[in-house]
Amino acid sequence: MKRGKLVAGVGAAVLVAGAVTAYVVVGAGGNPVDNGTARLAVADVPDVGGVLVDQAGRVLYFFEKDEKDVVSCTGGCASKWPPLTLAEGQSKPELGTGSVAQLVGEAEGENGVRVVTYNGYPLYRYDSDTAGEATGQNKKQNGGRWFAVTAAGERVK
């Protein structure tokens with residue numbers, strides 16, 4: 001009987017760990033948010049043109065409430081707008097076509113994570129987007145507006 005309870009307890013722990021992992025990878029909106037090696041590139045996205053995208057082809061955004069090198073979207077905000085973070089052991093993001101190395105930096109985010117910045121401002125993904133779409137463009141949420149980012153480090157207007 002004790003062995004059965006032990007097996008059941010281990011099984012429950014595995015299920016809980018799997019659920020937590022799925023939340024981190026999937027995000028609040030249900031779309032996958034890749035937390036792998038950070039990469040920046042420029043892609044042509046309908047309705048916004050040539051903008052920065054991450055390693056999964058997801059559009060990257062600036063939050064108008066942020067100041068240079070300050071991550072203000074944390075907690076519940078960050079579950080909907082996950083920041084682009086450097087993977088463990090990664091010193092800087094990989095750079096793809098069109099991104100400008102001199103504009104890339106990092107800022108300390110919630111719980112000490114290293115958030116990638118561009119032109120001094122933190123980069124975020126919108127968890128309702130899938131690769132190649134920019135449904136977060138000019139969206140007013142969390143007390144401010146969100147804008148896709150050009151290769152020059154400017155907001156798409």
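The structure presented is a predicted model; accordingly, all values stated were derived computationally and were not measured.
Applying the disulfide (SG to SG under 2.5 Å) test to pairs two or more places apart or on separate chains, none has a residue in residues 95-157. Residue pairs meeting the disulfide (SG to SG under 2.5 Å) criterion with at least one member in residues 54-156, sequence neighbours excluded: C73-C77. Counting only residues at least two apart or on different chains, the salt bridge (Lys or Arg N to Asp or Glu O under 4.0 Å) pairs with a member in residues 95-106 are E106-R114. A disulfide (SG to SG under 2.5 Å) check over residues 95-157, counting only residues at least two apart or in different chains, returns nothing.
With Q90 contributing its side chain and A38 its backbone, the two residues share a donor-acceptor pair below 3.5 Å. R125 contributes no side-chain N or O that, together with a main-chain N or O of Y61, makes up a donor-acceptor pair within less than 3.5 Å. N111 contributes no side-chain N or O that, together with a main-chain N or O of V113, makes up a donor-acceptor pair within less than 3.5 Å. Remark: side-chain polar atoms of N119 are not paired, donor with acceptor, to backbone N or O of L103 under 3.5 angstrom.
In this view, D66 and S72, Y124 satisfy the side chain to side chain donor-acceptor pair (under 3.5 Å) rule, not counting sequence neighbours. Every residue two or more places apart in sequence or in another chain that forms a side chain to side chain contact (heavy atoms under 4.5 Å, CB included) with S99 is listed here: L40, L52, L95, Y118. In terms of the side chain to side chain donor-acceptor pair (under 3.5 Å) criterion, W146 has no residue partners (sequence neighbours excluded). Residues satisfying the salt bridge (charged side-chain N to carboxylate O under 4.0 Å, His left out) criterion with R145, sequence neighbours excluded, are absent altogether. Qualifying ring-ring contact (aromatic ring centres under 6.0 Å, His included) partners for F62, counting only residues two or more places apart in sequence or in other chains: Y121. Take F147 and apply the ring-ring contact (aromatic ring centres under 6.0 Å, His included) test, not counting sequence neighbours, and it matches no residue. Every residue meeting the side chain to side chain contact (heavy atoms under 4.5 Å, CB included) condition with A41, not counting sequence neighbours, appears here in chain and number order: R39, V53. Judged as a side chain to side chain donor-acceptor pair (under 3.5 Å), and not counting sequence neighbours, the contacts of Q141 are W81.
Taking the side chain as every heavy atom from C-beta outward, T37 and E94 approach each other to under 4.5 Å.
Here the NZ-OG1 distance, from K68 to T117, works out to 9.0 Å after rounding to the nearest 0.5 Å. Atom CZ in R58 sits 7.0 Å away from atom CG in D127 (nearest 0.5 Å).
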